[in-house]
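Have a look at the structure below before the remarks.
In listed order, ligands and their atoms are each counted from 1.
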Amino acid sequence: MNFTKMHGLGNDFIVVAGEKELPAGADQLAIKLCNRFFSIGADGVVFILPSEKADFQMRIINSDGSEAEQCGNAIRCVSKYVYDHKLIDATEITIETIGAGVQKVQVQVQDGKVVTARVDMGAPILQGLQVPTTVDANEVIDYPIEVEGQAFRFTAVSMGNPHCVIYVEDAVHFDLATWGPKLEAHPMFPRKINVEFATVRSRTFTDMRVWERGAGPTLACGTGACATLVSSVLNGLSDREATVSLKGGDLFIEWSEADNRVYMTGPAEEVFTGTV
Ligand SMILES: N[C@H](CCC[C@H](N)C(=O)O)C(=O)O
């Protein structure tokens, strides 16, 4: 199998193009190939597949073998891949995902290669049961949750995949490894959840560190950055356009008042190709 190793701000993926559909055993394959000691190593495997509704379909398998409904950093990598490898010659590309339908991507090109992409990530889903959480409310904002005696307050946002945003004193030095997995698997989240710990520095700049569902501590999370911005607006902490700064770098996020859609702009890079 030929693959291309790519990343968005260090959130890295094994990109596989050319399959007609998700291969059988894709979960076991992802667990094997994502292992950073015995195989290629990555946060996930991304399959670029044909689509009837869009230019391409993207399916994402986390490093633990679970399939995600959506992935922001991966969609920028996929857009870069299909443009750079001449599978499409348009700078506006549509990608179908299982969690957020057909999404538009505008790529920015330099010397014939994509350097950044602006992705329409769709409208956030805020209804508690749809995120999903066990909270039946139109919005789950600043909601109490307890895990092993420690109390937190979270805001729930789905971008197609579920997110729980928690504001802390200093996200950059927060003990992600202790609290991330406990919250990821908390019974309040029926399909587990991506956990974002955020510190708002100004109305246009937020630090965030992420513990990802099915992948653990990644260097960046595109959907997590979108969920964080939406949460910060809902909590009155941020403007609708802001930089969300992750360990791997910065994403520019806009939650449009006009169409209620979230736009994410950031880089994508190709590192190497290989055969496995
Ligand atoms: N682990 C996530 C999928 C990848 C999301 C993240 N890498 C992004 O850039 O959005 C989940 O299970 O929902």
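- Between F189 and F154, the ring center distance clears the sub-6.0 Å criterion.
- Under the 4.5 Å side-chain heavy-atom criterion for grouping Ile, Leu, Val, Met, Phe, Trp and Tyr, L251 is connected to M6 within one hydrophobic cluster.
- Between W211 and F197, the gap from one ring centroid to the other reaches at least 6.0 Å.
- Taking a 6.0 Å sphere around NZ of K32, one finds it holds 12 or fewer heavy atoms contributed by other residues, nucleotides or ligands.
- Near ligand 1, residues N11, N62, A68, Q70, C71, G72, N73, N161, N194, E212, R213, C221, G222, T223 each place a heavy atom inside the 4.0 Å sphere around the ligand atoms.
- Applying the salt bridge (charged side-chain N to carboxylate O under 4.0 Å, His left out) criterion to D207, with sequence neighbours excluded, gives R201.
- Checked options E19, E67, E21, E96; the residue passing with R59 is E67 (criterion: salt bridge (Lys or Arg N to Asp or Glu O under 4.0 Å)).
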